[in-house]
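Once you've had a glance at the structure underneath, I'll fire off some questions.
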2 protein chains.
Amino acid sequence: MTADSAVETLSYPEANTARDLVARAVDRGAMVTLFGRCTVEYDGRAASSLGPGDRHVTLKPDGASLVHTDEGQQPVNWQPPGCEHAVTVTDGALELCSERSNPDETLEISFETVAHAAAFDVSDPEELAVTGTEADLKERILEDPDLVEPGFTPLATERATPAGAVDVYGEDESGRTVVVELKRRRVGPDAVGQLDRYVDALERDLHAGTAVRGVLVAPSVTDRARQLLAKKGLEFVSLEPVQ
Amino acid sequence: MTADSAVETLSYPEANTARDLVARAVDRGAMVTLFGRCTVEYDGRAASSLGPGDRHVTLKPDGASLVHTDEGQQPVNWQPPGCEHAVTVTDGALELCSERSNPDETLEISFETVAHAAAFDVSDPEELAVTGTEADLKERILEDPDLVEPGFTPLATERATPAGAVDVYGEDESGRTVVVELKRRRVGPDAVGQLDRYVDALERDLHAGTAVRGVLVAPSVTDRARQLLAKKGLEFVSLEPVQ
DNA sequence: TTCTTCATCTCGAAA
DNA sequence: TTTCGAGGTGAAGAA
């Protein structure tokens, strides 16, 4: 990354000047950012309209667009990767359009004023390494199945059932089938419903009369989830992904 | 928004110069963006590590932080609103730290090179107006209950049950209780589980022997969801939020 | 492609 | 503060 090539910026450019920078940057696969007063229209899975205000806009080389206000972690409007970015000047105003198909969606940004425009040539070879996920919880259990209960034996992970894949499938000390559903954090009623669907599907899939135990493994459960577990005859084991 | 006050930028600044700009901007409640080669460490609900690469960093006045690579709609690392942003120079490197409590979480960004730094004074009075939401679907049904089925009479929305609030609660032509669950888009098994919980809770809550009908209203359902509906004795009505 | 589930989900509303 | 469900959820993996 050198000073000559990596960054190109404009302060309060004319619309045509900004358009040229954006067009060139999009063409060469650079990341573009704009800041200024704009309106935003979206139409696709839903539809939205945003009146004039100061926002920060990002166009990524993979086709994603982001419109950020001064508040919130989430963009106020956006377009996912895979879009075509187009930039034009209409009636003296810089206009961006990001479009995609399947589903057909359009994002249109019209700038009343462009306060800042920048293009960045990005090189990022690194992958993010995350720990503390559900996958970590699964590994913890496979390494030490007694954490679920003494005598538990895992037989498969992601075992297919008519209701979907079971996180951990195994049997208890006395040979009964056990379905384990894992959650990396405190769970509500939805996770209980999920476990119940798997247990139900397996009881039908295996031969009649086979009792299947369902065990929810998570750091903790809410009250309603606990009541639902009791009603469905399911069990809970408290365990965290790490430590 | 004037040229004098709204935007302040630096290209390839010294670490101390960048620190001063960031510190002043954070102090006055401006939005800050940085672009350059950096590493990122996160520790909190999970933990992650990201080796050196070129990224775009945003610090928002509400305490949110975003780290974006050249790919993806989602930031590779982030911190939600409510954090304290701190900026320092350590061993000649610009370092940002965004920290919050409950849960305790820390995001640390260390710049090897700052290619660009900018501060933006933002004014955004507008609210986003969205259509095509679940609320629109609800209004559509309340205006014309026959869309659910001829003779359907809504009696309440968001009616409380021991399992949570029911979207639309009413009765059919023959006076039987009907629970309606709304989804703005095609649904899977999770939505069926949700409806089933409400129906079950209401049957217990009302007097014994009261049959409660459950109707899922959505544009469409997946195969598994349809099977699950059949097994649970629940119904489906195809309806979109708009048009 | 569609389907299913995970996510540092985020966000908002209500208790 | 916690809980619960909506979301233009996004993203990944499998069928």
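Just so it is clear: chains get the letters A, B, ... in the order the sequence lines come, proteins before strands, and each one is counted from 1. Atom set for the values below is all heavy atoms of this structure, side chains included, hydrogens, waters and symmetry mates excluded.
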TODO: Answer with base, sugar-phosphate or nothing: what part of the nucleic acid does A:D190 contact at a heavy-atom distance below 4.0 Å?
DONE: nothing
Open item on the list: Salt bridge check, A:K138 against A:E158: does any charged N sit closer than 4.0 Å to a carboxylate O?
Closed with: yes
TODO: Check whether more than 12 heavy atoms from other residues, nucleotides or ligands sit under 6.0 Å from atom CD of A:E84, and answer yes or no.
DONE: no
TODO: Considering only atom C1', compute the distance from C:dT10 to C:dC6 and round it to an integer number of Å.
DONE: 14 Å
- [ ] Give one of base, sugar-phosphate or nothing for B:P81, where a contact means two heavy atoms less than 4.0 Å apart.
- [x] sugar-phosphate
Open item on the list: Any side-chain to backbone donor/acceptor pair from A:D205 onto A:A201? Under 3.5 Å, distance only.
Closed with: no
Open item on the list: Quick check: on DNA chain D, is the nucleotide nearest A:L107 upstream (toward 5') of the one nearest B:Q74, or the reverse? Name the residue that is more 5'.
Closed with: A:L107
Open item on the list: Which label fits A:F120 and B:H56: parallel for a plane angle under 30°, tilted from 30 to 60°, or perpendicular past 60°?
Closed with: tilted
TODO: Starting from the 5' end of DNA chain C, give me the residue, A:K183 or A:N102, whose nearest nucleotide shows up first.
DONE: A:N102
- [ ] Could you identify which residues of residues 127-137 of chain B place a heavy atom less than 4.0 Å from some atom of DNA chain D, listed by residue number, or say none?
- [x] B:T133, B:E134
- [ ] On DNA chain D, reading 5' to 3', which nucleotide is the first and which the last to sit with an atom under 4.0 Å from a heavy atom of chain B, could you check?
- [x] D:dT1 to D:dA11
- [ ] For B:E181, report the nucleic acid contact type (base, sugar-phosphate, nothing); a contact means any heavy atom under 4.0 Å.
- [x] sugar-phosphate
Task: Span that lies between the C1' atom of C:dT5 and that of C:dC9, in whole angstrom - done: 12 Å
Task: Inter-residue atom distance A:L66.CG - B:L66.CG, 0.5 Å rounding - done: 9.0 Å
Open item on the list: Just verifying a value: how many Å separate A:T39 OG1 and B:E126 CD, rounded to the nearest 0.5 Å?
Closed with: 10.0 Å
Open item on the list: Can you confirm whether more than 12 heavy atoms, excluding those of B:D223, are under 6.0 Å from its CG atom?
Closed with: no
Task: Pair A:R204 + A:D200, salt bridge at N-O below 4.0 Å - done: yes
Open item on the list: Side chains of A:D167 and A:V180, heavy atoms from C-beta outward: is any pair under 4.5 Å?
Closed with: no
Task: Contact nearer the 5' end of DNA chain D, comparing B:G164 with A:Y42 - done: B:G164
Task: Side-chain H-bond candidate by donor/acceptor type, B:T177 with B:E171, under 3.5 Å - done: no
- [ ] Looking at every strand, decide which applies to A:A163 at a 4.0 Å heavy-atom threshold: base, sugar-phosphate, or nothing.
- [x] sugar-phosphate
TODO: Give B:N77 one of three labels, base, sugar-phosphate or nothing, depending on what nucleic acid heavy atoms sit under 4.0 Å from its own.
DONE: base
Task: Positional range of nucleotides in DNA chain C within the contact set of chain B, heavy-atom, under 4.0 Å - done: C:dC3 to C:dC11
Task: Euclidean distance for C1', C:dC11 against C:dA7 (whole angstrom) - done: 14 Å
Task: Check: B:T161 side chain, B:G164 main-chain N or O, donor-acceptor pair, under 3.5 Å - done: yes
TODO: Indicate, with a heavy-atom threshold strictly under 4.0 Å, whether A:A225 touches base, sugar-phosphate, or nothing.
DONE: nothing
TODO: Assign B:R185 to base, sugar-phosphate, or nothing according to its heavy-atom contacts below 4.0 angstrom with the strands shown.
DONE: base
Open item on the list: Categorize A:Q194 for me: base, sugar-phosphate, or nothing, with a 4.0 angstrom heavy-atom threshold over every strand shown.
Closed with: sugar-phosphate
Open item on the list: Students often get this wrong, so: under 4.0 angstrom with heavy atoms, is B:R100 touching a base, only sugar-phosphate, or nothing?
Closed with: nothing
TODO: Give one of base, sugar-phosphate or nothing for B:P80, where a contact means two heavy atoms less than 4.0 Å apart.
DONE: nothing
TODO: With rounding to the nearest 0.5 Å, note down the distance linking CD in B:Q73 to CD in A:Q79.
DONE: 8.5 Å
